[in-house]
Amino acid sequence: MCPEGGGPTIKVAPSMLAADFSRFGEQAAEAAAGGADYLHLDVMDGHFVPNLTFGPPVIKALRRWTKVPFDVHVMCEEPQLLVPELAAAGADIITVHAEACAHLHRIVHQIKEAGVKAGVALNPGTPVSAVEEVLPHLDLVLVMSVNPGFGGQAFIESAVDKLRRVRRMLDEGGLKAELEVDGGIGPKTAARVAEAGASVLVAGSAVFTADVPVAQAIARIRAIAR
């Protein structure tokens with residue numbers, strides 16, 4: 001759906017990290033029915049980031065609950081080891097961290113050869129130049145607006161300028177990769193990140209623990225971003 005007057009499509013990707021894990025499938029279905037464009041799934045190994053979440057078996061089980069595309073964000077030290085299993089489990093996009101990949105070009109093409117869209121994420125302290133050489137090969141660039149590992153963190157303001165710089169790189173190169181932002185996204189930050197060029201907004205707490213139903217929370221974020 002496009003905003004009035006044209007302009008880029010704004011997608012909302014509810015982060016399942018903020019969902020009720022005792023109702024994981026139900027919450028995925030609720031988000032899908034509520035208008036989610038993607039479901040954002042954080043795979044953490046307890047090493048690259050301090051948290052430990054879930055892996056391919058849980059994603060495979062969740063796949064039965066919805067056909068909404070799975071946007072899988074891999075926060076692991078050796079992401080290349082998980083790519084085949086994640087693709088088989090039902091991932092539609094697999095995003096790896098530039099900081100975790102000694103051979104970033106190789107793993108981007110490993111993901112694409114598995115039949116899945118490829119993304120690269122940048123931590124708050126990582127310069128945009130880290131993704132420049134693989135940018136033409138990407139389907140998605142993820143700018144982290146918090147340090148990864150836990151949900152519910154405060155938005156890092158410098159992410160706005162970083163989004164602008166990545167958007168400029170994409171536009172000047174005539175590239176079609178989506179620009180995603182993750183961390184502290186909700187009604188107070190959605191408009192700023194969208195104005196800076198983000199087209200996919202990952203929101204966790206603002207969707208699943210908001211003061212309104214999930215569908216209304218998603219619609220509110222999308223409307224404010226427009």
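Start at 1 with the first residue, then count along the sequence. The model shown is predicted, which means the values in this text are computed figures rather than measured ones.
Shortest non-hydrogen contact noted between Ala206 and Ile185 is CB-O, 3.5 Å. The nearest pair of heavy atoms linking His40 to Ala13 is CB-O, 3.9 Å. Of all heavy-atom pairs spanning Leu170 and Ala177, the tightest one is CD1-O, 3.7 Å. When all heavy atoms of Ala130 and Leu104 are compared, the closest pair comes out as O-CD2, 3.9 Å. Taking both residues in full, the closest heavy atoms of Leu201 and Ile10 are given as CD1-CG2, 4.4 Å, listed atom of the first, atom of the second, then distance. Closest heavy-atom contact between Phe155 and Gly183: CD1-O, 3.4 Å.
The distance from the CG atom of Leu175 to the CG atom of Asp139 is 11.0 Å, given to the nearest 0.5 Å. Atoms CE and NE2, from Met75 and His47 in turn, are 14.5 Å apart once rounded to the nearest 0.5 Å. Separation of atoms CD (Glu30) and CZ (Phe208) is listed at 7.5 Å; rounding is to 0.5 Å. Atom OG1 in Thr126 sits 3.5 Å away from atom CD in Glu99 (nearest 0.5 Å). Distance check, rounded to the nearest 0.5 Å: CD of Glu180 to OH of Tyr38 gives 8.0 Å. For the atom pair CG (Leu86) and CG (Leu81), the distance works out to 11.0 Å, reported to the nearest 0.5 Å.
Contact of the Gln110 side chain with the Gln80 side chain is registered, since non-hydrogen atoms from C-beta on lie closer than 4.5 Å. A heavy-atom distance below 4.5 Å is found between the side chains of Leu140 and Thr95. The shortest side-chain heavy-atom distance between Leu82 and Val43 falls under the 4.5 Å cut-off. Contact of the Met144 side chain with the Leu142 side chain is registered, since non-hydrogen atoms from C-beta on lie closer than 4.5 Å. A 4.5 Å side-chain heavy-atom check between Cys101 and Pro79 finds at least one atom pair inside the cut-off. Looking only at side-chain heavy atoms (C-beta outward), Phe21 and Gln27 stay at 4.5 Å or farther from each other. Val74 places none of its side-chain heavy atoms less than 4.5 Å from the side chain of His97. Residues Thr53 and Leu41 fail the side-chain proximity criterion, which asks for heavy atoms closer than 4.5 Å.
Judged by distance alone, the side chains of Glu178 and Ser199 never bring a donor and an acceptor atom under 3.5 Å apart. Between the side chains of His73 and Asp71, not a single donor N or O lies within less than 3.5 Å of an accepting N or O.
For Arg23, the CZ atom sits in a packed shell: over 12 heavy atoms of surrounding residues, nucleotides or ligands are nearer than 6.0 Å. Around NZ of Lys112, the count of heavy atoms belonging to other residues, nucleotides or ligands within 6.0 Å exceeds 12.
Under a hydrophobic clustering in which Ile, Leu, Val, Met, Phe, Trp and Tyr are joined whenever their side-chain heavy atoms come within less than 4.5 Å, directly or via other members, Ile93 and Val68 fall into different clusters. Following chains of ILVMFWY side-chain contacts shorter than 4.5 Å, one cannot reach Val202 starting from Val146, and the two form parts of different hydrophobic clusters. Leu179 and Ile224 end up in different hydrophobic clusters when Ile, Leu, Val, Met, Phe, Trp and Tyr side chains are linked at under 4.5 Å. In the hydrophobic clustering of this structure, Val83 groups with Leu138; members are Ile, Leu, Val, Met, Phe, Trp, Tyr whose side-chain heavy atoms approach within less than 4.5 Å, directly or through other members. Under the 4.5 Å side-chain heavy-atom criterion for grouping Ile, Leu, Val, Met, Phe, Trp and Tyr, Ile107 is connected to Val134 within one hydrophobic cluster.
Between the side chain of Asn123 and the main chain of Gly125, no donor-acceptor pair closer than 3.5 Å is present. Between the side chain of Ser145 and the backbone N or O of Ala159 there is no donor-acceptor pair closer than 3.5 Å. Between the side chain of Asp45 and the backbone N or O of Leu52 there is no donor-acceptor pair closer than 3.5 Å.
Evaluated for a side chain to side chain contact (heavy atoms under 4.5 Å, CB included) with Val120, the options Val141, Val131, Leu135 yield exactly one hit, Val131.
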Checklist line | Audit row: Leu62, Phe70, side-chain contact (heavy atoms from CB on, under 4.5 Å) steps and yes/no | finding: CA-CA 10 Å; Leu62 200 63; Phe70 281 180; 4.1 Å; yes
Note to self: Let's go through His137 and His109 carefully: what are the C-alpha distance in whole Å and the side-chain angles of both, what is the deciding distance for side-chain contact (heavy atoms from CB on, under 4.5 Å) to 0.1 Å, and is it a yes or a no?
What the structure shows: CA-CA 8 Å; His137 308 282; His109 285 277; 3.4 Å; yes
Margin query: Under the criterion side-chain contact (heavy atoms from CB on, under 4.5 Å), I'd like the reasoning laid out for Val72 against Ile59: C-alpha separation, chi angles, the key distance, then a yes or no.
Written below: CA-CA 9 Å; Val72 180; Ile59 292 173; 4.1 Å; yes
Note to self: Go through it in stages, so that I can follow the logic: the residues are Phe24 and Val58, the test is side-chain contact (heavy atoms from CB on, under 4.5 Å), and I'd like the CA-CA distance, side-chain angles, deciding distance and then a yes or no.
What the structure shows: CA-CA 9 Å; Phe24 211 41; Val58 171; 3.7 Å; yes
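The side chain to side chain donor-acceptor pair (under 3.5 Å) analysis of residues 56-69, with sequence neighbours excluded, yields the pairs Arg63-Asp92. Under the side chain to side chain donor-acceptor pair (under 3.5 Å) criterion, the residue pairs touching residues 205-214 are Asp211-Arg220, with sequence neighbours excluded.
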